[in-house]
Amino acid sequence: MKLKELCRDFAYDLMQGDINAEINDICCNSGEISEGDVFICIMGTNYDGHDYIKEAAARGAAAVLLEKEGYAADLADKLTVIKTDSCRYAMAMMSAAYFGYPARRMTTIGITGTKGKTTTAHIIRKILESDGRKTGLIGTTGVMIGDIEYPQINTTPESYEIHRAMAEMAEKGCSCVVMEVSSQGIKLDRTAGIFFDYGIYLNISQDHIGPGEHKDFAEYLECKSRLFTQCRTGIVNIDDRNVGNIMAAADCRTVTFGTDRKAELHFTETEPFRTADILGMKFKALWKLHKHVYHEYAINSPGEFSVYDAAAAMAVCLHIGVSENIIGSALKEIHVKGRTELINISEDFYVIIDFAHNKVSMENVLTTLRRYLDGRLICIFGAGGDRSEERRYGMGEAAGKLADLCILTEDNPRSEKVSDINSDIITGIRSSGGRYIEIDDRKEAILFGINIAGKGDIVAVLGKGHETYIERNGIKEYYSDHESVRQAAEALKTL
């Protein structure tokens, strides 16, 4: 493809070379450049792609896209150099063109919110596929195309990876794609070049604020709000106190869901239920755009937040044209790995695995689990290293207040000592008068928690959810909470 065709959707200046140069591929990693590629100088938190231009040229790059004009000096004349205001934005636009604008070939659904993106994405995919609509998924748990799954580093991958995945989805017959859209993904223009058919707003709370993320809550909120300037229809939680700020600059049609009677999808009479192998929620919902009768639904996931996630998914799927019967059946079959996931290992007590890793999400999960409790609530968790101390205090405060026993352990300590991280958590636990013990090894902590669990207890293993690694000193070693729980159950059988 000619470079000029890749650059059709953004402004640029040709500094030297041939704008009609043939380009084989797009790359922002100088170490992966091949002959004939265009190298894009992305600037990250700890690196600057401009420093690697000469390496890319030596490896055979045909063109360079940069932001800083001074870096073009002394480059060979045969190398085409173009300058633009934002390399990240340009990379998104180039990627869309390179892969043939795959987003335009499918119904696109983007989801933003501090909590619930992953669960809502999986619910939507389940409903649409139950209706015979092959649906791709891009999010925290990876990329899903039919039975194929690819892992991803970021909730919202780099723009090139997004468009490559969407191109594969379109080629393999997907008519829809549902995608988690993080605030960081929006801030870094990873979703630029995609005009979503539907944008979903779930909620917002204090999170992702600090070095390398957002400077303050106002920026965090503003980034999330941008989704509704790049979609046709916004599906929004009318109950959220920040919904007005989120939608202030929106220029899309708006459809609401929530307990507020003004919502187009109104739900009411939420009620927890449990069986030997299910902790779930029942509720009634009315789709005012088409119906005037409330229908009863159930989702096999606990908590009010599960109903909100289900309602968001229902609103978009009803808008697309899925029947209420198919939606009701699909909701009963939902199981999302690592999201208030029940692991059946005992008839006497429940074990829950969840990704909760900040104060708000821990409060939500633990408050929810107390509604199903006949005995004690045992909470096993740690906190990430190289992260805010305030987050750790908050997690400790929430767990100390709501759990009967906290078992502190490791969770991606990165460059810090587990004992130092847990010391911060303990400060929060003590402020709320909670009980705790420390077991640094996560497998041992889970074994201990399950060993002491009695009839009616709930053991909540929080923080890692679907993740299959522990990160220590820059190295990710394989680890799974699911396997640790199963191994603990087997060990108990031999006692």
Side-chain angles (χ1 to χ4, degrees), residues 95-96 98-112 116-152 154-182 185 190-191 193-200 202 227 230-233 235 255 287 290 297 299-301 309-339 466:
S95 299
Y98 180 76
F99 288 106
Y101 303 98
R104 298 178 185 177
R105 291 179 262 159
M106 299 176 286
T107 298
T108 49
I109 304 161
I111 307 168
T112 199
K117 294 187 296 295
T118 299
T119 299
T120 305
H122 281 267
I123 296 173
I124 291 171
R125 183 172 188 262
K126 176 66 177 178
I127 292 171
L128 292 176
E129 295 220 321
S130 297
D131 195 44
R133 304 169 194 252
K134 189 172 182 179
T135 302
L137 185 148
I138 301 173
T140 305
T141 56
V143 173
M144 301 177 69
I145 308 170
D147 296 329
I148 302 171
E149 295 186 30
Y150 305 108
Q152 288 290 339
N154 300 309
T155 296
T156 306
E158 289 290 359
S159 55
Y160 180 89
E161 301 300 331
I162 290 172
H163 290 284
R164 180 167 66 178
M166 285 188 173
E168 184 178 350
M169 291 172 186
E171 289 165 7
K172 291 186 175 177
C174 290
S175 61
C176 304
V177 55
V178 58
M179 176 178 167
E180 295 181 48
V181 182
S182 68
R190 291 173 182 162
T191 59
I194 302 172
F195 195 73
F196 292 92
D197 293 292
Y198 299 93
I200 297 175
L202 298 172
L227 177 60
Q230 62 180 100
C231 71
R232 291 181 176 83
T233 300
I235 309 287
V255 175
W287 180 233
H290 294 154
Y297 296 92
I299 183 167
N300 295 344
S301 182
D309 295 344
M314 291 169 65
V316 72
C317 291
L318 286 164
H319 207 278
I320 289 172
V322 182
S323 75
E324 289 170 309
N325 288 338
I326 287 175
I327 289 173
S329 296
L331 287 179
K332 293 177 181 178
E333 299 174 4
I334 291 296
H335 297 281
V336 183
K337 188 171 184 179
R339 298 305 191 274
H466 65 284

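What you see below is based on every heavy atom in this structure, not just the backbone, and it leaves out hydrogens, waters and symmetry mates.
- Checked by atom type and distance alone, the side chain of Asp309 never pairs as donor or acceptor with a backbone atom of Thr120 at under 3.5 Å.
- Within the structure, every pair that satisfies the salt bridge (Lys or Arg N to Asp or Glu O under 4.0 Å) test and touches residues 130-139, not counting sequence neighbours, is listed here: Asp131-Arg133.
- Cys317 pairs by the side chain to side chain contact (heavy atoms under 4.5 Å, CB included) definition with Ile124, Ile127, Leu128, Val322, Ile327, not counting sequence neighbours.
- The backbone N or O of Val181 sits less than 3.5 Å from a side-chain atom of Thr112, completing a donor-acceptor pair.
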Check: Passes side-chain contact (heavy atoms from CB on, under 4.5 Å), Val316 versus Ile111? Steps please.
Finding: CA-CA 11 Å; Val316 72; Ile111 307 168; over 6 Å; no
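- Judged purely by distance below 3.5 Å, without hydrogens or angles, the side chains of His122 and Thr141 pair a donor atom with an acceptor atom.
- With sequence neighbours left out, Glu333 forms a salt bridge (charged side-chain N to carboxylate O under 4.0 Å, His left out) with Lys126.
- When the side chain to side chain contact (heavy atoms under 4.5 Å, CB included) test is applied to Arg232, the partners found at least two apart in sequence or on another chain are Phe195, Asp197.
- For Tyr297, the ring-ring contact (aromatic ring centres under 6.0 Å, His included) partners are Phe283, not counting sequence neighbours.
- Judged by distance alone, the side chains of Tyr150 and Glu168 do bring a donor and an acceptor atom under 3.5 Å apart.
- In terms of the ring-ring contact (aromatic ring centres under 6.0 Å, His included) criterion, Tyr98 has no residue partners (sequence neighbours excluded).
- Residue Ile145 comes nearest to Ala165 through the heavy atom pair CD1-O, 4.1 Å, listed as atom of the first residue, atom of the second, then distance.
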Next item on the list: Please lay out, stage by stage, how Met179 and Ile162 fare under the test side-chain contact (heavy atoms from CB on, under 4.5 Å).
Entry: CA-CA 9 Å; Met179 176 178 167; Ile162 290 172; 3.3 Å; yes
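- Counting all heavy atoms, side chain and backbone alike, Cys174 lies closest to Gly136 at SG-N, 3.7 Å.
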